[in-house]
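Before any comments, here is the structure.
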Amino acid sequence: VLAHVPDLNDFVAGMKIILNPQGVVTIEFPNLAVLMRDRLYDMIYHEHFSYFSFIVVEKVFAAHGMTLFDVEEVSTHGGSLRIYARHAEDDSKPVGKNVVQMREREEKAGYNSMDIYEDFSQKMMASKRNILEFMINAKRQGKTIAAYGAPAKGNTLLNYCGIRTDMIDFTVDISPHKQDQFLPGIHIPIYAPDRIKEEKPDYLIILVWNLKNEVIRQMSYISEWGGKFITLLPDVQISD
């Protein structure tokens, strides 16, 4: 939960206190580099207080007497980092090549400069315009649009773009706790997945893009009426 804590330094300092002399701390969190590269700005939502590059998280742990000796890239949430930390004075675990390569890659890409973040802001706004352009054109053509999923990232994306029931008729979710509710802020109704068969939308937007392949398998029957799948990030993509 490193990305979720409001008092980051207190949290990491606590790890230093409880860690055995030759113990290992391992933590996984969304990879800022992937988020920015793929323009996955829907991952920026309320429960996350921080978004970490490896450069930053290495400095945070170093400030509390811990060294990152290994790092892995994993596929969780579209792309995450898994770090391994030890006490700085524990020389039984040498710093590996993954750490050196990750640090050099991020420095070369410019993650220690404000320029890359300002550019990301411009790309977010361009993405919003592209999504709205697609939606408006589809509705002008008389197309019906539904969505699959009611995740936090979907709410972030749709609220940022100002997309409501004038664009998306409804969304579906397999969780019974979300069904017969509404997406916060935009009030798009949430139904059970069977609603897709009943309404037969022309387009089905996959808000849970990290489960895209699974959703396409589950909903493959939309091809019976010519329905198509849509993903909105990093760009609007239409697939059968």
Pair [X]-[Y], side-chain donor/acceptor within less than 3.5 Å:
{"X": "S127", "Y": "Y41", "answer": "yes"}
{"X": "D202", "Y": "W225", "answer": "no"}
{"X": "N210", "Y": "K153", "answer": "yes"}
{"X": "E198", "Y": "Y191", "answer": "no"}

F120 side chain near L35 side chain, heavy-atom distance below 4.5 Å
yes
For K59, look at atom NZ and say whether over 12 heavy atoms of other residues, nucleotides or ligands are found less than 6.0 Å away.
no
Crowded around I238 CD1? As in, over 12 foreign heavy atoms under 6.0 Å?
yes
What's the separation between atom CD in E224 and atom OH in Y221, rounded to the nearest 0.5 Å?
9.0 Å
Distance in Å, I205 CD1 paired with F134 CZ, rounded so as to fall on 0.5 Å steps
6.0 Å
What residues form a side-chain contact (heavy atoms from CB on, under 4.5 Å) with L8, not counting sequence neighbours?
L2, V5, V12, F52, V60
Give me the atom names and distance for the closest heavy-atom approach of [X] to [Y].
{"X": "Y111", "Y": "Y117", "result": "O-OH, 2.7 Å"}
{"X": "P21", "Y": "H87", "result": "O-CD2, 3.4 Å"}
{"X": "V172", "Y": "A192", "result": "CG1-O, 3.4 Å"}

Side-chain (T231) to main-chain (L233) donor-acceptor, under 3.5 angstrom:
no
Shared ILVMFWY cluster between I190 and I196, side chains joined below 4.5 angstrom?
no
Parallel, tilted or perpendicular: which fits the ring planes of H4 and H48, with parallel below 30° and perpendicular above 60°?
perpendicular
